[in-house]
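In what follows, a single structure is set out as C-alpha cells and then discussed.
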Amino acid sequence: MLSQFKSDNNIEFDENELLRKLTLEPPKNLDHGDMSTNISMLLSKYLKLKPIDVANKLLHYIDKFPGVDEVKVAGPGFINIKLTMSTWNTCIQKILLNEEKWDKINLGEGKKINIEYISANPTGPLHAGHARGAVFGDALASLLKEVGYKVTKEYYINDAGSQIDKLVDSALLRYDECLGQNIKEIPQGLYPGEYLKDVGLELVNKYGKNLKTKDKADIFEIVRQVSLDVIMKIIRNDLFRLGIDMDVYTSEKKIISGNLLNETLSILEKKDLIYKGVLDAPKGMNPDNWEKREQLLFKSTNYGDDTDRALKKSDGTWTYFATDMAYHLDKINRTKGNLINVLGADHIGYISRINAAVRALSNDNFSIDTKICSLVNLLEDGKPIKMSKRSGNFVTLSDIIDSVGRDVIRFIMLTRRNDQSLDFDFKKVTEKSKDNPVFYVQYAHARCNSIFKSAKIKEQDLSIEDFSFLNTKEEIELIKFISLWPRSMELAAKNHEPHRICYYLIELSSLFHSLWNRGKDDKSSKFIIENDKKLTNSRLCLVKAVALTIRKGLKILSINPVFEM
RNA sequence: GGACGCGUAGCUCAGCUGGAUAGAGCAACUGCCUUCUAAGCAGUAGGUCAGAGGUUCGAAUCCUCUCGCGUUCACCA
C-alpha cells in the first residue's frame with residue numbers, strides 16, 4: 001500500500017524508517033474503533049500537509065482491505081478502523097477450534113536462554129525475601145518457555161567461602177548438643193537457627209561419636225557435606241511447596257576446582273582486559289580509611305562500569321567476583337544464548353560489573369539482563385513484623401506458605417512490577433475481596449464453571465459453528481480483549497515483565513464479572529436463555545473462551561484455577 | 001560524594017516503550033441479592049502525573065537539571 005501511495009503522490013521517504021515508527025494497534029479507548037494507526041502523522045512531514053489532510057487522502061486506500069467495516073479520521077489525524085462483526089465472530093471460532101495453539105507465538109524461535117534465580121546461600125531455609133525472587137524468576141521462566149524459548153532454570157549454590165566455615169562451626173556446635181553437651185548460648189557470628197539441630201542429628205546418626213576424636217581439619221569436609229545436604233534438602237522442599245522445580249543446581253565449589261577460572265583468565269588476557277594495579281578510593285570516602293593494595297584487576301570500565309574490579313585478593317586468592325565470572329562463562333558455554341539473573345535489591349551495585357563480565361566473556365555475542373526484585377515488607381494488619389536474624393527469629397518462606405498458601409503468595413508477589421517494593425500484609429492477602437486480586441480472578445473462573453453446571457453441559461460438548469448471535473457491545477468487547485491475550489503475553493515476555501500477565505487476568509475477569517451482572521438487570525443478557533439453544537450455545541462458547549484464557553494465564557503463573565468457591 | 005531505582009487520586013498501584021478526555025482497587029457517598037455464585041456489578045466524587053527546562057505534529061512516558069524517598073558503594077558472599 002505504501003509504494004502505491006508513494007507513486008500516486010509522487011513523494012519519496014524511507015519506508016523502513018516509517019515502518020519502525022508506524023503503529024497499528026487497538027486504541028485504549030474502544031470508542032475509537034478496533035484498530036488505530038498514526039501513519040498520517042508520520043507522512044505529514046514528507047507531504048508537507050497537516051496530518052488530518054494526509055489522513056483523508058489515505059482513507060480510500062485502507063477501506064479496501066478485507067474485514068474492514070468503516071474507516072474514520074479522528075483527533076489530530078489518527079485513522080481509526082472498525083472491523084466487521086463477522087471478524088470477531090470468526091475470532092471466537094478460531095480460538096475454540098485451536099484451544100491449545102491459537103495463542104502460540106514464537107518469539108524465542110527455539111533459542112536457548114538461561115535464567116538464574118533464588119541462589120540463596122545454603123546456610124539456612126528460605127525466608128520471605130527469597131520468595132519474591134523465586135516466584136518472579138519462576139513465572140518469567142515459564143513465560144519465556146511459553147513463547148518459544150528453550151529455558152534453563154538454574155540455582156547457584158554458594159557452597160564455598162567464609163559463610164561455609166561459619167556453617168561448619170555452627171553445625172559442630174549442634175553436633176555437640178546432640179551428644180548431650182550443654183552448648184549454652186550460640187556465640188556471635190555463628191548461625192543460631194534451630195534448623196541446624198537437624199544437621200547435628202544427622203551427623204550423630206551417620207558418625208556417632210567418631211567425629212569427636214578427630215582434628216577439625218580432617219572432619220571439615222564431612223561436616224560441610226552433611227550440612228549442605230540437609231540444608232539444600234530443606235530449600236528444595238520449600239521450593240517444591242511453592243511449585244518451583246529448578247533444572248540445574250550448580251556448585252560454586254565445583255566451579256573453583258575446575259578449569260573455568262583459568263579459562264576465564266586466558267580469555268581476559270587475550271583481550272587485554274586484566275592488569276595488576278591499585279584501585280582509587282571511591283569519591284566521597286575519607287582517604288584515611290583507604291588502604292592501597294596491589295591486586296589483579298578486570299577492566300570492567302571498558303564496558304561502562306564505574307571502576308575496575310578485583311579478581312584476586314591481595315593475598316592472591318580469588319575474589320567472589322572472579323569465581324562468579326567463571327560461573328558466568330560456564331553459563332555462556334552451556335547456553336550459547338542470553339542470560340537472565342534475578343537478584344535482590346541489595347545487589348544493585350553488582351549489575352554493571354556482571355554486564356561487563358558477560359560481554360567480555362561472550363565476545364559481545366550475548367548479554368545478561370539483571371532483574372532486581374525490591375524489598376518485601378511483611379506486615380500484619382498494617383503493622384510491620386519485627387524480625388531479627390540474630391536470634392534466628394525471622395519469617396521463613398515455609399511459614400508464609402503455611403499461613404496463606406502457595407497460590408496467594410505467587411499472585412500477590414507477581415501483581416507488582418519487580419522494581420517496586422512490595423507490602424505483604426498477612427491479613428490483607430487472605431481477605432476475599434476485590435482488594436485481593438487472587439480471589440477476584442479465581443472467582444471469575446469459578447463462575448464460568450458454574451454456568452456450565454447450570455446449563456448441564458460440558459465445555460467440550462459445545463458446538464462450534466455459528467457465532468453471529470454474539471452481537472452486544474459488551475460481548476464484542478470481551479472477544480476483543482481475549483484476542484489481545486497473545487499480544488499481552490508477547491509484551492510481557494519481551495520486557496521480562498510477568499506482572500503484565502496478572503494485570504491482564506484482572507482486567508479480563510473484570511469484563512467477565514461485568515457481563516455476568518448484566519444478566520441480573522436484564523434477563524435477556526443472561527448466558528443461559530431457556531428456549532434459545534443457539535444463542536445459549538454461542539454465549540457459552542464465549543464463556544469457555546474466557547475460562548480457557550484465564551487458565552492459560554494462571555498456568556504461566558503456576559497457579560491452580562479454582563472451579564468452585 | 002558516586003551508581004542504580006522510585007516519585008501518578010487521601011491510601012496501594014497499573015499505564016501496552018511517544019498518541020486521542022491519565023486508569024483500576026481500597027477508603028467516602030448512591031443504588032443492585034425471590035435471579036447463571038453479591039468473594040460480584042452499576043454510579044458519584046477525587047489529578048498541575050514531584051518541580052523546571054528541552055526534543056516534536058504530540059510527553060506521565062525520551063534528554064538535562066533541581067528536590068524528596070529507597071537500595072548500594074574496596075579483599076564479604
Side-chain angles (χ1 to χ4, degrees), chain A residues 21 23 25-29 31-32 36 38 40-42 44-45 50-51 74-78 80 121 123 158 160-164 252 279-285 289-291 293 295 305-307 309-310 312-315 317-321 323-324 344-352 372 374-375 415-417 419-423 425 428 431-437 439-440 442-444 446-455 484 487-488 490-492 494-495 497 499-500 502-504 506-507 509-510 513-521 523 526-528 539 543 564-565:
Chain A
K21 289 187 179 168
T23 60
E25 56 190 8
K28 277 181 205 166
N29 189 335
D31 296 338
H32 294 139
S36 177
N38 62 351
S40 32
M41 278 83 148
L42 298 174
S44 66
K45 213 190 328 184
K50 282 183 192 164
F78 288 100
N80 293 331
N121 270 337
T123 53
N158 295 122
S162 62
Q163 86 279 12
I164 297 298
E252 181 186 359
L279 288 175
D280 291 330
K283 284 176 193 170
M285 186 184 181
N289 298 332
W290 185 255
E291 190 187 325
R293 294 183 274 246
Q295 295 171 295
D305 200 0
D306 336 304
T307 169
R309 303 290 173 177
K312 279 189 175 178
K313 304 176 195 170
S314 48
D315 66 4
T317 57
W318 296 107
T319 60
Y320 176 81
F321 178 57
T323 60
D324 210 24
D346 50 340
H347 287 79
I348 273 200
Y350 204 68
I351 300 176
S352 51
I372 292 290
S374 283
L375 291 175
T415 313
R416 170 107 353 136
R417 253 178 30 218
D419 47 14
Q420 286 272 7
S421 63
L422 165 77
D423 291 341
D425 191 318
K428 262 196 175 166
E431 229 165 61
K432 294 170 179 178
S433 69
K434 189 154 187 183
D435 199 16
N436 186 345
F439 291 100
Y440 189 71
Q442 294 283 29
Y443 188 37
R447 274 183 157 174
C448 290
N449 188 52
S450 150
I451 293 168
F452 286 106
K453 258 197 335 203
S454 305
L484 288 178
R487 186 179 146 82
S488 302
E490 183 181 354
L491 283 166
K494 259 188 192 161
N495 295 300
E497 288 177 345
H499 75 275
R500 291 181 192 234
C502 293
Y503 281 95
Y504 176 87
I506 292 169
E507 203 173 334
S509 302
S510 170
H513 284 309
S514 174
L515 188 59
W516 169 290
N517 271 80
R518 208 158 289 275
K520 295 220 174 264
D521 304 330
K523 286 195 178 180
K526 294 179 79 166
F527 295 105
I528 303 167
R539 286 187 175 168
V543 173
E564 255 174 74
M565 289 179 83

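Lettering follows sequence order; numbering is per chain, from 1. All heavy atoms count here, side chains included; hydrogens, waters and symmetry mates do not.
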Looking at every strand, decide which applies to A:Asn495 at a 4.0 Å heavy-atom threshold: base, sugar-phosphate, or nothing. base

Measure the distance from CD1 on A:Ile348 to C1' on B:A3 and round it to the nearest whole Å. 9 Å

Report the distance from atom CG of A:Asp423 to atom C1' of B:U12, rounded to the nearest whole Å. 8 Å

Report the nucleotide, chosen from B:A14, B:U35, B:A20, that has the shortest atom-to-atom distance to any side-chain atom of A:His32. B:A20

Reckon A:His347 touches a base, only the sugar-phosphate, or nothing at all at heavy-atom distances under 4.0 Å? base

Within the stacking criterion (centroid distance below 5.5 Å, interplanar angle below 30°), does A:Trp290 stack on B:A74? yes

Suppose you measure atom P in B:A59 against the same atom in B:G53; what distance do you get, rounded to whole Å? 14 Å

Tell me what A:Arg500 touches on the nucleic acid: a base, only sugar-phosphate, or nothing, going by heavy atoms under 4.0 Å. sugar-phosphate

Could you go through A:Asp315 and A:Lys313, starting from their C-alpha distance and side-chain angles, then the distance that decides it, and tell me whether this counts as salt bridge (Lys or Arg N to Asp or Glu O under 4.0 Å)? CA-CA 5 Å; A:Asp315 66 4; A:Lys313 304 176 195 170; 5.8 Å; no

Choosing from B:C76, B:C13, B:G40, which nucleotide comes nearest the side chain of A:Ser162? B:C76

Less than 3.5 Å between a donor and an acceptor, one on the side chain of A:Asn80 and one on the base of B:A20, is that the case here? yes

Classify the nucleic acid contact of A:Ala160 as base, sugar-phosphate or nothing, counting any heavy atom under 4.0 Å across all strands shown. sugar-phosphate

Any salt bridge linking A:Glu497 with A:Arg500? Criterion: basic side-chain nitrogen under 4.0 Å from a carboxylate oxygen. yes

Expressed in angstrom and rounded to an integer, what is the separation of A:Leu375 atom CG from B:C4 atom P? 19 Å

Counting only side-chain heavy atoms from C-beta out, which of B:A77, B:G19, B:C36 sits nearest to A:Ile451? B:C36

Among side-chain atoms of A:Asp419 and A:Ser374, is any donor-acceptor pair under 3.5 angstrom? no

Send over the distance from A:Gln420 CD to B:C6 C1', rounded to a whole Å. 6 Å

How far, in whole Å, is B:G68 from B:G15 if one measures between their C1' atoms? 23 Å

Within this structure, what is the CG-to-P distance between A:Asp419 and B:U72, rounded to whole angstrom? 16 Å

What's the gap between B:G5 and B:G23 when it is taken at their C1' atoms, as a whole Å value? 24 Å

